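Okay, structure first, notes after.
Everything quoted here is computed from the prediction, not taken from an experiment. Just so you know, ligand 1 is whichever comes first in the structure, and atom 1 is the first atom listed for that ligand.
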Amino acid sequence: MSRRGILTVVSGFSGAGKGTVMKELVKKPDYKLSISATTRLPREGEIDGREYFFLTREKFESMIETGQFIEHAEYVGNYYGTPKQYVEEQLEAGYNVILEIEIQGALHVKEVFPDALLLFIVPPSAKTLKERLINRGTEDEAAVQKRMNRAVEESQFMEKYDYLVVNDKLNECVEAVHHIILSQRDKVKYNTGFICEMQRQLKAVQEGDL
Ligand code: 5GP
């Protein structure tokens with residue numbers, strides 16, 4: 001029997017590897033990664049409609065006015081937002097939808113969808129985080145420090161999440177996230193359709209109709 005998918009919001013410090021974890025996760029059946037809209041410019045290699053929908057500020061603002069986002073936030077001078085229609089359609093079709101968004105957006109989603117599952121991906125230790133940021137080699141020392149400072153701020157919100165998942169070994173982290181989502185899906189409250197159908201069938205069998 002088809003049932004509605006689970007909406008999962010994933011956040012984590014920059015360098016925690018959440019993007020890699022999510023890319024692996026959505027290779028499994030029944031998962032869809034939501035594509036956000038943003039007003040920031042595409043980075044090298046990014047394609048419109050794949051990493052983001054790249055929009056002008058005017059277009060983004062008109063979408064805010066017409067209520068087309070589940071949430072939106074301004075982050076380092078640019079807008080980012082989660083388009084409502086795609087997420088709703090995929091959940092309705094039974095897919096587990098993943099939103100990889102920053103903390104303010106995540107907490108807002110929880111207000112709008114109290115059943116959303118909030119996951120926070122963490123590195124095994126603060127020292128590992130710093131090493132990963134340095135080893136990426138894409139940023140200078142000042143930028144690494146900036147990201148570490150931001151992690152300190154963001155760590156204040158970790159307690160607002162439903163689950164913490166440590167990203168030490170990639171595969172183990174992907175499986176841990178997958179299991180959390182599957183367990184959420186098995187909660188009785190998400191299976192009322194199944195319960196009604198089972199009750200109907202039991203009655204039919206009892207009465208000799210099946
Ligand atoms: P970046 O510009 O590096 O791709 O993303 C910057 C931050 O915006 C990241 O923390 C990312 O998770 C977050 N982000 C991406 N899409 C959305 C969105 O739709 N809403 C919110 N609130 N944050 C987003």
Nearest-neighbour protein heavy atom for [atom], which is reported as residue plus atom name and distance:
| atom | result |
| --- | --- |
| atom 3 (O) of ligand 1 | Arg43 NH2, 2.9 Å |
| atom 2 (O) of ligand 1 | Tyr80 OH, 2.5 Å |
| atom 22 (N) of ligand 1 | Glu102 OE2, 2.7 Å |
| atom 20 (N) of ligand 1 | Glu71 OE2, 2.7 Å |
| atom 16 (N) of ligand 1 | Ser36 OG, 3.1 Å |

From Tyr75, Tyr52, Tyr79, Phe13 - option closest to atom 1 (P) of ligand 1 by heavy atom: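 Closest candidate by heavy-atom distance is Tyr52.
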Among Glu51, Glu154, Arg150, Glu100, closest by any non-hydrogen atom to atom 12 (O) of ligand 1: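 That would be Glu100.
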Numbered atoms of ligand 1 (with element) below 4.0 Å of Ala73, judged on heavy atoms: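 Listed by number with element: 22 (N).
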Ligand-residue contact atoms, ligand 1 with Arg40, heavy atoms, under 4.0 Å: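 Checking each atom against Arg40, I get 1 (P), 2 (O), 4 (O).
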Do you see a donor-acceptor pair shorter than 3.5 Å between the side chains of [X] and [Y]?
| X | Y | answer |
| --- | --- | --- |
| Glu175 | Asn171 | no |
| Glu197 | Gln201 | yes |
| Lys187 | Gln184 | yes |
| Tyr79 | Glu61 | yes |

4.0 Å protein heavy-atom contact status of atom 6 (C) of ligand 1, strictly under: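 Under the 4.0 Å cut-off, atom 6 (C) of ligand 1 does have protein heavy-atom neighbours.
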Heavy atom of His72, distance to ligand 1 below 4.0 Å: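 Per 4.0 Å heavy-atom rule, His72 does not contact ligand 1.
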Cluster companions of Val205 among Ile, Leu, Val, Met, Phe, Trp, Tyr (side-chain spacing under 4.5 Å):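 The other cluster members (ILVMFWY side chains, heavy atoms under 4.5 Å, direct or chained) are Leu210.
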Ligand 1 N/O within reach of Gly81 N/O, cut-off under 3.5 Å: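 Yes, there is a polar N/O contact under 3.5 Å.
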More than 12 heavy atoms from other groups under 6.0 Å of CZ on Phe60: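 Yes, enclosed.
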Within 45° cone of Phe13 ring axis and under 6.0 Å: Arg147 NZ or CZ: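 Here Arg147 fails the 6.0 Å and 45° test against Phe13.
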Test side-chain contact (heavy atoms from CB on, under 4.5 Å) applied to Lys160 and Ser11, step by step: CA-CA 11 Å; Lys160 297 203 180 286; Ser11 308; over 6 Å; no
